[in-house]
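Below, read A as the first sequence line, B as the second, and so on, with proteins coming before strands; counting in each chain starts at 1.
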2 protein chains.
Amino acid sequence: MTSRTPAGETPTGVVRADGLRSPVGHADVPARPGREIPEATVARLPVYLRALTALVDGGTATCSSEELAGAAGVNSAKLRKDLSYLGSYGTRGVGYDVDYLRYQIAREIGLTHDWPVVIVGIGNLGHALANYSGFRSRGFRVVALLDAATTRHEELVAGLEVRPFDELEDIVGTQSVAIGVIATPAVAAQDVADRMVAAGITSILNFAPTVLSVPDGVDVRKVDLSIELQILAYHEQRKTGQLPTEGASA
Amino acid sequence: MTSRTPAGETPTGVVRADGLRSPVGHADVPARPGREIPEATVARLPVYLRALTALVDGGTATCSSEELAGAAGVNSAKLRKDLSYLGSYGTRGVGYDVDYLRYQIAREIGLTHDWPVVIVGIGNLGHALANYSGFRSRGFRVVALLDAATTRHEELVAGLEVRPFDELEDIVGTQSVAIGVIATPAVAAQDVADRMVAAGITSILNFAPTVLSVPDGVDVRKVDLSIELQILAYHEQRKTGQLPTEGASA
DNA sequence: AGCTGTGAACAAATTCACAGCA
DNA sequence: TGCTGTGAATTTGTTCACAGCT
């Protein structure tokens, strides 16, 4: 590494078995001088984190870029390049300290503290999301479930009461919620997004199959379940050379 | 267009109000001579399709690249470039016939016929997926719900009986299933994938938070709900400059 | 005149290949 | 010696800007 300085991070005393959720005595955000991390790399950091957690759980203390890349499903050159944007956290000739690297990535993503999250739209998918343990275990805390349908109010989902959508502003304000999840039908999604933005939410995860428009400064990521299937169908169609069920409606 | 030939496609008599699901009398798969469609473009085609369907539903017969791009959330140059890989389906000086273009994209993706799909793992998420109307409406037909837990068998979900996982091979064989969806816990996912591949499935949509290894020729796409949140958290952390809830556990 | 379709310029991401350190 | 970290080369994707058709 030549010009980048990992800044404010001395690689000593930081590694702890449970280091991720326990604040230690140093700045929690890298605030790297210049360097911006490429989007493609950012999208893979959570994958590396997951792989590292699996290695920790399996009792592995050290790993090479080759091993970690295997566990994450990428090639080792890409892994090393990605990690190089964060800093120089490995040891030449040896590899990476699994727990140390895991902490560094978690910190970079911002998972060393909890993120309160609201979910709007408690249908089938909202239910599944509310119950998804992967959120909680990665630092996301669902603080409220909201739904416009009065019939669902007071219903208990994942230990939380479903509350009226109108309480959104209140909850976002009092609990400092920055991230909202939309799991409503498509027609409602833009309205929900507008209300979220007005309430102060600046990051939205959208499961509704519709394009949201939001002001600058608000991030939207979308997950469209049927889009993924359609991409598979496209490739499937090429593979089989021809149509798999042509006219075969029987 | 200079060298590409849309092959076997005369742009006449193909447009129909409900054209998508009704086989018309011509080859259903493009089988374009040379041209391969870039992955990034393939990933956007379903978005265009959705936007076009919305336009059709809204009664729009013709649209410009600018309008369609707006509805799809991309810029018009990208849209035109993407469409150019499929062929020359617009009219200079005019725009695109919404319904005709929609049919062409659906055909390219392979949505002009139905794809039978099995879902394995009928927990919260499996439930949500089984009930998701977006699958059926886009040409995916859920033919079976499988779960290893005997306690769930015979339960009715979305009008289908939950059946033992062991019936996988049977169902895949008799119904010519090419696409499988995994919604099991992470530990079970690789086993399920292996069985799917052995049974003849060649495309897998994986919701379990784990990396699957499959032989060449099998496509896997993954959806990890918590990864999307983590990416948002990363950007959120940069936006707020500093940590949103540092130590503020009260 | 207006809008598509597309080469050419540009930018981002990936892969290669090896210098440099433990 | 063996592995990381990284410039350079390559590939992939995006944007520009305009020729060419309606």
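- At a non-hydrogen distance threshold of 4.0 Å, nothing from residues 38-48 of chain B comes into contact with DNA chain C.
- Per the geometry, OH belonging to A:Tyr89 stands 17 Å off P belonging to C:dA22, to the nearest Å.
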What nitrogen or oxygen pairs link the protein and nucleotides 17-21 of chain C at under 3.5 Å?
residue, atom, partner, partner atom, Å
C:dG20, N3, A:Arg92, NH1, 3.4

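- Counting only residues at least two apart or in different chains, salt bridge (charged side-chain N to carboxylate O under 4.0 Å, His left out) contacts with residues 182-196 of chain B comprise B:Asp166-B:Arg195, B:Glu169-B:Arg195.
- Remark: B:Glu228 engages A:Arg221 in a salt bridge (Lys or Arg N to Asp or Glu O under 4.0 Å) (not counting sequence neighbours).
- Atom pair A:Leu68:CG and D:dG5:C1' shows a separation of 15 Å (rounding to whole Å applied).
- Remark: A:Asp97 CG to A:Thr60 OG1 distance equals 11.5 Å, nearest 0.5 Å.
- The side chain to side chain donor-acceptor pair (under 3.5 Å) search around B:Thr210 returns none, not counting sequence neighbours.
- Across the protein-nucleic acid pair, B:Asp82 atom CG and D:dT14 atom P stand 7 Å apart, rounded to whole Å.
- Pairs passing the salt bridge (charged side-chain N to carboxylate O under 4.0 Å, His left out) check and including a residue from residues 42-55 of chain A, sequence neighbours excluded, read A:Arg44-A:Asp82, A:Arg50-B:Asp224.
- In terms of the side-chain contact (heavy atoms from CB on, under 4.5 Å) criterion, residue partners of B:Ser76 (sequence neighbours excluded) are, by chain and number, B:Ser65, B:Glu66, B:Ala69, B:Arg80.
- In this structure B:Ala128 satisfies the side-chain contact (heavy atoms from CB on, under 4.5 Å) test together with A:Asn124, A:Leu125, A:Ala128, sequence neighbours excluded.
- Judged by distance alone, the side chain of B:Thr240 and the main-chain N or O of B:Glu236 form a donor-acceptor pair under 3.5 Å.
- For the pair B:Leu101 CG and C:dG5 C1', the computed distance is 14 Å after rounding to whole Å.
- Between B:Leu86 atom CG and C:dG5 atom C1' the separation is 12 Å, expressed in whole Å.
- Looking at residues two or more places apart in sequence or on another chain, you find a side-chain contact (heavy atoms from CB on, under 4.5 Å) between B:Pro38 and B:Thr41, B:Tyr85.
- Atom CG of A:Leu79 is separated from atom C1' of D:dT4 by 10 Å (rounded to the nearest Å).
- Residue B:Ser88 places at least one side-chain N or O under 4.0 Å from the OP1 or OP2 atom of C:dG5.
- Of all the residues in residues 57-66 of chain A, A:Ser64, A:Ser65 reach under 4.0 Å from DNA chain D with at least one non-hydrogen atom.
- Residues satisfying the side-chain contact (heavy atoms from CB on, under 4.5 Å) criterion with A:Ala193, sequence neighbours excluded, are A:Ile182, A:Gln190, A:Ile204, A:Leu212.
- Distances shorter than 4.0 Å separate none of the side-chain N or O atoms of A:Asn75 from OP1 or OP2 on C:dT14.
- Rounded to whole Å, the distance from NZ on B:Lys78 to C1' on C:dG5 is 18 Å.
- With sequence neighbours left out, the ring-ring contact (aromatic ring centres under 6.0 Å, His included) criterion links A:Tyr234 to no other residue.
- Distance B:Lys81 NZ to C:dG7 C1': 7 Å, rounded to the nearest Å.
- Nearest nucleotide to the B:Tyr96 side chain, out of D:dG7, C:dA22, C:dT4: C:dT4.
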